[in-house]
Amino acid sequence: MSEVETPSNFIQNKIDQELKSAKFTVHTRFPPEPNGHLHIGHAKSICLNFGLANQFSGICNLRFDDTNPNKEDMKYVKAIQEDIKWLGFDWGNQIFYASDYFNQLFEFAIQLINKGKAYVDDLTPEQIREYRGTLSEPGENSPYRDRTVEENLVLFQKMKAGEFAEGKKVLRAKIDMSLGNLNMRDPVLYRILKATHHRTGNKWCIYPMYDFTHGQSDSIEKITHSLCTLEFEDHRPLYNWFLDELEIYHPQQIEFARLSLNYTILSKRKLLQLVEEGHVGDWDDPRMPTLSGMRRRGYPPEAIREFCERIGISKSNSTVDFALLEHCVRENLNQTATRVMAVLRPLKVVLMNYPEGQVEEMDAVNNPEDPDAGTRKMPFSRIVYIEQEDFMEDPPKKFFRLGPGREVRLKHAYVIKCEEVIKNELGEIVELRCTYDPETRSGSTQDGRKVKGTLHWISADHAHKAEVRLYSHLFKHANPGDEKECPDLKATLNPDSLEIIEEALLEPSLKNAKGSYQFLRLGYFCVDSQKSSYGSQVFNRIVTLRDTWAKIIKK
RNA sequence: UGGGGCGUCGUCAAGUGGCUAAGACACAGGAUUUUGAUUCCUGCAUUCGGAGGUUCGAGUCCUCCCGCCCCAGCCA
């Protein structure tokens with residue numbers, strides 16, 4: 001990976017400063033809700049939290065914020081753990097669940113009731129909303145706000161005992177209905193949910209709200225720096241209120257901007273919609289910005305980590321260019337991927353002067369970036385296939401690939417010259433008759449003449465066939481997540497985000513392909529872990545190569 | 001007309017009163033190249049949302065203004 005210095009960010013600087021005046025162990029946490037799969041936005045948070053802990057020789061907990069049994073599932077906690085491990089982080093024994101704290105949280109609630117700082121409310125959800133007031137007008141006190149401590153205690157115990165139906169009662173904090181910060185207008189602490197929790201089963205029928213759970217969980221775990229996204233900035237006064245009233249350890253919360261990436265959406269709700277409506281295969285569809293999708297697509301975890309380093313941490317809402325992610329992926333793969341040849345859209349080339357039945361084994365370099373990667377043999381024979389777009393019957397001046405009467409080099413093989421173009425009755429080019437120059441074996445000319453173009457190719461008799469899937473952005477719109485610019489997500493779906501080439505021609509060495517490769521001049525590809533089976537391979541295009549020629553012809 | 005944030009190059013982003021406002025991506029040129037890849041050079045903010053002010057000195061401090069984002073779930 002490149003030696004770009006990791007930029008400083010305001011959180012890191014702050015910790016640096018704090019460490020100058022006090023000795024303590026930095027303790028962070030990554031707190032996902034197990035209600036969906038992790039995506040690249042979570043990777044930013046994971047890299048920040050685990051990264052800071054690593055950097056300052058501290059600790060980072062993995063904690064599942066599992067306070068809503070209706071949405072959460074064990075399958076997600078499993079998937080999340082896999083994704084974090086794959087990304088390259090290790091929580092050791094530091095794995096926790098907010099549900100582990102349900103007893104403690106219940107006690108906290110009792111404490112607040114005893115202090116006269118919480119009450120049981122009988123208002124319906126609709127009434128609570130009405131009483132809350134609006135952004136510019138204060139709210140009104142609930143008529144149940146002044147119940148006695150004793151009454152509240154009895155009622156809350158009855159809630160816990162399951163004596164009330166869902167929605168009939170809630171426990172609320174007693175703060176101030178006139179505060180400008182809506183979170184402080186007597187927020188709900190506990191609600192009745194007669195649901196089976198994936199970890200606590202049917203032990204509880206009342207569940208704490210996130211706001212009543214998160215800050216205290218951080219406190220219980222002695223988190224020093226609770227890092228979260230900007231939208232929780234105005235929840236901080238509430239968390240502080242709980243911590244102060246409960247007189248427990250006080251972590252400091254620091255907010256940073258969540259990641260936005262152009263041409264993609266990072267909203268769990270919308271991602272779920274794509275899956276449920278069948279616009280993608282599943283959460284791990286290679287076009288998805290999920291970690292499982294990127295893993296299957298072939299993005300190296302190192303590249304994602306590098307990306308997270310480079311985008312930095314700040315408090316300004318910003319949208320990162322997808323090209324930066326792709327740059328990181330290419331940068332990594334360029335160093336590591338074995339070069340091979342594959343022809344996606346074959347055009348038959350017959351070498352008229354090449355002996356029929358002859359086969360030569362050409363030496364091919366595995367990775368010019370890595371001398372230790374060695375070479376392999378590639379069979380060459382009279383009939384080869386080249387890429388259709390590498391031939392033009394009437395080429396523009398700057399085109400230096402094959403054309404009538406032109407010479408071009410077949411990589412690692414010979415220089416060939418196009419003598420004749422064969423067409424079918426529809427006028428389509430179906431075959432090229434060429435001659436090869438026997439003096440140019442392995443590709444270099446003896447007479448010093450310059451051959452500018454170099455093409456990839458596959459020997460017809462030795463071609464290995466496989467399916468290849470080409471991906472591009474899922475959305476046509478640059479900001480599909482912006483509801484104003486793009487109210488109808490479905491309308492902006494890119495119909496060409498997946499192109500399947502059922503029978504691409506690959507060099508025979510790919511029969512036992514594993515991992516990632518560079519298909520010369522085409523891009524980086526990897527074996528799809530889901531769709532490949534014994535005897536039938538599917539390759540995913542991870543990312544194209546940079547293509548300046550494509551830019552030239554676009555103009 | 002409530003509360004909380006944010007505004008530095010096309011996109012991210014350093015910068016915490018003092019040398020010519022880092023770096024990356026993108027973009028544009030050029031060199032090398034048996035991948036139009038890689039690599040390597042070069043260019044790319046006389047100016048930090050705007051206007052005043054403080055100061056010998058301001059992107060950094062003060063005042064006012066403008067713009068953008070978030071909050072009215074018994075979601076997280």
Side-chain angles (χ1 to χ4, degrees), chain A residues 2 4-5 7-10 13 17 31-33 35 65 67-68 70-72 121 123-125 128-130 132-139 166-172 178-185 187-193 207 209-211 213-214 229-237 255 257 262 268-269 309-328 330-331 334-335 339 341 365 368-369 398-401 409-413 415 440 442-444 451-456 518-523 544-552:
Chain A
S2 72
V4 182
E5 234 179 277
S8 66
N9 64 61
F10 74 103
N13 293 346
Q17 284 304 317
E33 184 193 12
N35 71 339
D65 271 340
T67 54
N68 187 349
N70 289 326
K71 291 188 176 173
E72 295 147 9
D121 196 355
L123 255 27
T124 65
I128 288 184
R129 194 189 324 124
E130 286 159 16
R132 185 148 35 221
T134 67
L135 294 179
S136 50
E137 296 154 28
E166 281 190 18
K168 290 298 178 196
K169 284 184 167 47
V170 290
L171 183 73
R172 292 231 252 167
S178 67
L179 260 18
N181 183 343
L182 266 28
N183 295 305
M184 300 297 273
R185 321 242 263 228
V188 171
L189 269 28
Y190 267 89
R191 75 292 213 186
I192 299 169
L193 252 28
Y207 291 90
M209 296 291 289
Y210 172 85
D211 275 350
T213 306
H214 191 82
T229 43
L230 258 24
E231 67 270 26
F232 293 104
E233 214 145 14
D234 32 283
H235 292 236
R236 178 156 34 102
E255 305 84 8
N262 56 16
K268 266 195 205 175
R269 201 194 88 239
E309 286 292 341
R310 290 205 197 184
I311 56 177
I313 300 291
S314 78
K315 294 194 68 153
S316 52
N317 282 314
S318 54
T319 302
V320 176
D321 194 341
F322 200 88
L324 178 60
L325 213 207
E326 294 193 318
H327 169 83
C328 293
R330 289 192 188 104
E331 183 181 55
N334 177 46
Q335 294 302 317
R339 271 62 169 174
M341 292 197 220
V365 173
E369 303 293 324
K398 285 185 173 173
F399 186 85
F400 51 74
R401 275 114 97 146
R409 171 170 36 242
L410 296 181
K411 176 99 175 169
H412 301 314
V415 171
T440 58
S442 89
S444 42
V451 178
K452 185 100 166 113
T454 302
L455 309 185
H456 58 279
Q518 183 192 106
F519 287 5
L520 234 52
R521 304 210 301 135
L522 295 174
T544 60
L545 253 27
R546 270 187 64 205
D547 192 349
T548 39
W549 171 243
K551 278 178 200 160
I552 293 168

Student: Could you measure between the two P atoms, the one in B:U38 and the one in B:C44, and give it in whole Å?
Tutor: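 Between the two P atoms, the distance is 23 Å.
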Student: So which nucleotide from B:U35, B:G2, B:A76 ends up closest to the side chain of A:E72?
Tutor: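 For the A:E72 side chain, the nearest candidate turns out to be B:A76.
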Student: Given B:A76, B:C74, B:U16, identify the nucleotide with an atom nearest to the side chain of A:R132.
Tutor: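 Nearest to the side-chain atoms of A:R132, counting from C-beta on, is B:C74.
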Student: Using the C1' atom as the point on both nucleotides, what is the distance between B:U63 and B:U1, in whole Å?
Tutor: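 About 22 Å, rounded to a whole number of Å.
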Student: Hey, does A:R339 have a side-chain heavy atom less than 4.5 Å from the side chain of A:V365?
Tutor: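 Heavy-atom side-chain distance check fails, nothing below 4.5 Å.
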Student: Please compare A:F519 and A:A257 by the position of their nearest nucleotide in RNA chain B and report the one closer to 5'.
Tutor: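 Looking at the nearest nucleotide for each, A:A257 comes out on the 5' side.
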Student: So which nucleotide from B:G15, B:G5, B:C71 ends up closest to the side chain of A:L182?
Tutor: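 Ranking B:G15, B:G5, B:C71 by closest atom to the A:L182 side chain puts B:C71 first.
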Student: Taking any heavy-atom pair under 4.0 Å as a contact, classify A:Q518: base, sugar-phosphate, or nothing.
Tutor: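 A:Q518: base contact, heavy atoms under 4.0 Å.
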Student: Side chain of A:R185, backbone of A:G133: donor and acceptor closer than 3.5 Å?
Tutor: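 No; judged by distance alone, with no hydrogens or angles, the pair does not exist.
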Student: For the side chain of A:R310, starting at C-beta, report the closest nucleotide among B:C25, B:A72, B:G4.
Tutor: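 Side chain of A:R310 sits closest to B:C25.
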Student: Taking only the side-chain nitrogens and oxygens of A:R269, find out if one of them lies under 4.0 Å from OP1 or OP2 of B:A76.
Tutor: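 For B:A76, neither OP1 nor OP2 has a side-chain N or O of A:R269 closer than 4.0 Å.
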Student: What I want to check is whether the side chains of A:S314 and A:S316 have a donor and an acceptor closer together than 3.5 Å.
Tutor: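 There is such a pair (donor and acceptor under 3.5 Å, judged by atom type) between the side chains of A:S314 and A:S316.
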Student: Using a 4.0 Å heavy-atom cut-off across all strands, classify A:Y190 as base, sugar-phosphate, or nothing.
Tutor: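 No contact at all - A:Y190 keeps every heavy atom at 4.0 Å or more from the nucleic acid.
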Student: So, OP1 or OP2 of B:A37: does either fall under 4.0 Å of a side-chain N or O from A:T548?
Tutor: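 Checking B:A37 against A:T548, a side-chain N or O does come within under 4.0 Å of OP1 or OP2.
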Student: Using the C1' atoms only, state how far B:A45 lies from B:G5, rounded to an integer number of Å.
Tutor: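 The same atom, C1', in both gives a distance of 26 Å.
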Student: Decide yes or no for A:T440 and A:R409: does some side-chain heavy atom of the first lie under 4.5 Å from some side-chain heavy atom of the second?
Tutor: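 A:T440 vs A:R409: side chains apart.
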Student: Rounding to the closest angstrom, what is the interatomic distance between B:C9 and B:A22 at atom P?
Tutor: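 Taking atom P in both B:C9 and B:A22, they lie 13 Å apart.
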Student: From B:A13, B:A26, B:G5, pick the nucleotide closest to the side chain of A:S314?
Tutor: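 When the side chain of A:S314 is considered, B:A13 is the closest of B:A13, B:A26, B:G5.
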Student: Paired with B:C64 by Watson-Crick or G-U wobble geometry, both distances under 3.5 Å: which nucleotide is it?
Tutor: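 Partner of B:C64: B:G50.
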Student: Can you tell me how far C1' in B:G15 sits from the matching atom in B:U47, rounded to whole Å?
Tutor: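 B:G15 and B:U47 have their C1' atoms separated by 14 Å.
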Student: Specify the closest pair of heavy atoms between A:P138 and A:S178, including all atoms of both residues, with the distance to one decimal.
Tutor: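 Shortest heavy-atom contact: CB-CA, 3.8 Å.
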Student: By the 4.0 Å heavy-atom rule, please label A:L135 as base, sugar-phosphate, or nothing.
Tutor: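 Base, at least one base heavy atom under 4.0 Å.
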Student: What's the closest nucleotide to the side chain of A:D547 if the choices are B:G36, B:C25, B:C74?
Tutor: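 Of all the options, the side chain of A:D547 is nearest to B:G36.
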Student: I need a per-nucleotide contact map over nucleotides 39-44 of chain B, read 5' to 3'. Cutoff is protein heavy atoms under 4.0 Å; write B for the base, S for backbone only, - otherwise.
Tutor: ------
Student: Across the strands shown, which category fits A:F322 at heavy-atom distances under 4.0 angstrom: base, sugar-phosphate, nothing?
Tutor: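 Answer is nothing: A:F322 stays at 4.0 Å or more from every strand.
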Student: Using a heavy-atom cut-off of under 4.0 Å over every strand shown, decide if A:K551 touches base, sugar-phosphate, or nothing.
Tutor: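 If one applies the 4.0 Å heavy-atom cut-off, A:K551 turns out to touch the sugar-phosphate alone, with no base involved.
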Student: Can a side chain N or O of A:R191 be found less than 4.0 Å away from OP1 or OP2 on B:A76?
Tutor: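 A:R191 to B:A76 OP1/OP2: side-chain N or O found under 4.0 Å.
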Student: Under a 4.5 Å cut-off applied to non-hydrogen side-chain atoms, are A:Q335 and A:E331 in contact?
Tutor: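 With C-beta onward as the side chain, the pair stays apart.
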Student: Are A:H214 and A:H235 close enough that some pair of their side-chain heavy atoms sits under 4.5 Å apart?
Tutor: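 No, side chains not in contact.
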Student: Measure the shortest side-chain to side-chain distance between A:R330 and A:Q518 over non-hydrogen atoms and say whether it is less than 4.5 angstrom.
Tutor: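 Counting from C-beta outward, A:R330 and A:Q518 never come under 4.5 Å.
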Student: For the residue pair A:Y207 and A:T67, establish whether any side-chain heavy-atom pair is separated by less than 4.5 Å.
Tutor: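 Not in contact.
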Student: Does a nitrogen or oxygen in the side chain of A:R521 sit under 4.0 Å from OP1 or OP2 of B:G36?
Tutor: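 Yes, within the criterion.
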Student: For the base of B:G36, is there a side-chain donor-acceptor partner from A:R401 under 3.5 Å away?
Tutor: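 Counting by modelled atom types and ignoring angles, a donor-acceptor contact under 3.5 Å is found here.
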Student: Checking contacts here: which listed nucleotide (B:A72, B:C12, B:C70) is nearest the side-chain heavy atoms of A:D234?
Tutor: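 Looking only at heavy atoms from C-beta outward on A:D234, the closest nucleotide is B:C70.
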Student: Name the nucleic acid region contacted by A:L171, choosing base, sugar-phosphate or nothing; use a 4.0 angstrom heavy-atom cut-off, strictly under.
Tutor: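 Result for A:L171 = nothing.
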Student: Checking contacts here: which listed nucleotide (B:A76, B:U35, B:C69) is nearest the side-chain heavy atoms of A:N317?
Tutor: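 Comparing B:A76, B:U35, B:C69 against the side chain of A:N317, the answer is B:C69.
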Student: Between the protein and nucleotides 7-11 of chain B, which nitrogen or oxygen pairs come in under 3.5 angstrom?
Tutor:
unit_1	atom_1	unit_2	atom_2	d
B:U11	O3'	A:T319	O	3.2
B:U11	O2'	A:T319	O	2.8

Student: Between B:C48 and B:A21, how far apart are the two C1' atoms, rounded to whole Å?
Tutor: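 Pairwise C1' distance, B:C48 against B:A21, rounds to 8 Å.
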Student: For the side chain of A:A323, starting at C-beta, report the closest nucleotide among B:G73, B:C25, B:A37.
Tutor: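 Selected nucleotide (nearest to the side chain): B:C25.
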Student: Within the structure shown, what part of the strands sits under 4.0 Å from A:H214 by heavy-atom distance: base, sugar-phosphate, or nothing?
Tutor: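 Here A:H214 touches no strand at all.
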Student: What is the distance from NE2 of A:H412 to C1' of B:A37, rounded to the nearest Å?
Tutor: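 Answer to the nearest Å: 13 Å.
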Student: Rounded to whole Å, how long is the line connecting atom CD of A:E130 with atom P of B:C74?
Tutor: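 Roughly 13 Å, once rounded to whole Å.
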Student: Do A:D121 side-chain atoms and A:V170 backbone N/O form a donor-acceptor pair below 3.5 Å?
Tutor: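 Such a contact is absent between A:D121 side chain and A:V170 backbone.
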Student: Under 3.5 Å, side chain of A:E72 to main-chain N/O of A:N68, donor-acceptor pair present?
Tutor: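 Judged by distance alone, yes, a pair lies under 3.5 Å.
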Student: Quick test of your reading of the model: are A:E255 and A:R236 salt-bridged, counting only N-O distances below 4.0 Å?
Tutor: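 Salt bridge flag = yes for A:R236 with A:E255.
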Student: Can B:G59 be described as syn, meaning its chi torsion is within 90° of 0, or is it anti?
Tutor: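 Judged by the O4'-C1' to base torsion, B:G59 sits in anti, the angle falling more than 90° away from 0.
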Student: When all nucleic acid strands are considered with a 4.0 Å heavy-atom cut-off, which category describes A:H456: base, sugar-phosphate, or nothing?
Tutor: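 The residue A:H456 makes no contact with any strand.
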Student: Over how many whole Å does the gap from A:Y210 atom OH to B:G73 atom P extend?
Tutor: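 Value for this atom pair: 18 Å.
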Student: Contact class for A:V170 (heavy atom, under 4.0 Å): base, sugar-phosphate, or nothing?
Tutor: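 Answer is base: heavy atoms of A:V170 come under 4.0 Å of a base.
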Student: Quick one: A:I313 CD1 to B:G5 P, roughly how many Å, whole number?
Tutor: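 It works out to 19 Å between those atoms.
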Student: Taking atom CG of A:L179 and atom CG of A:D234, what is their separation to the nearest 0.5 Å?
Tutor: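 These two atoms lie 12.0 Å from each other.
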Student: Taking atom C1' in both B:U33 and B:A58, compute the distance separating them and give it to the nearest angstrom.
Tutor: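 Going atom to atom, C1' in each nucleotide, I get 49 Å.
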Student: So what does A:R129 hit on the nucleic acid, given a heavy-atom distance under 4.0 Å: a base, only sugar-phosphate, or nothing?
Tutor: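 The answer is sugar-phosphate, as A:R129 gets under 4.0 Å only of primed atoms, P, OP1 or OP2.
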Student: With a 4.0 Å cut-off on heavy atoms, is A:R185 in touch with a base, just the backbone sugar-phosphate, or nothing at all?
Tutor: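 No contact.
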Student: Check every strand shown and say whether A:P237 touches a base, only sugar-phosphate, or nothing at a heavy-atom separation below 4.0 Å.
Tutor: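 Contact class for A:P237: none.
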Student: Find the distance A:N9:CG to B:U16:P and express it as a whole number of Å.
Tutor: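 Computing the A:N9:CG to B:U16:P distance gives 15 Å.
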Student: Evaluate the side-chain proximity of A:P187 to A:D211: yes if any heavy-atom separation is below 4.5 Å, no if none is.
Tutor: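 No; the side chains remain at least 4.5 Å from each other.
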Student: Is any side-chain N or O of A:N183 closer than 4.0 Å to OP1 or OP2 of B:A72?
Tutor: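 So the side chain of A:N183 is outside the cut-off, no N or O lying under 4.0 Å from OP1 or OP2 of B:A72.
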Student: Quickly work out the A:F232 CZ to B:C71 C1' distance and round it to whole Å.
Tutor: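 In whole Å, B:C71 C1' and A:F232 CZ are 11 Å from each other.
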Student: Start at the 5' end of RNA chain B and walk down; is the nucleotide closest to A:L522 or to A:N181 reached first?
Tutor: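 The residue whose closest nucleotide sits nearer the 5' end is A:N181.
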Student: Taking B:G7 as the reference, what is the distance to B:C62 when you measure between their P atoms (whole Å, please)?
Tutor: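 One P to the other, the span is 15 Å.
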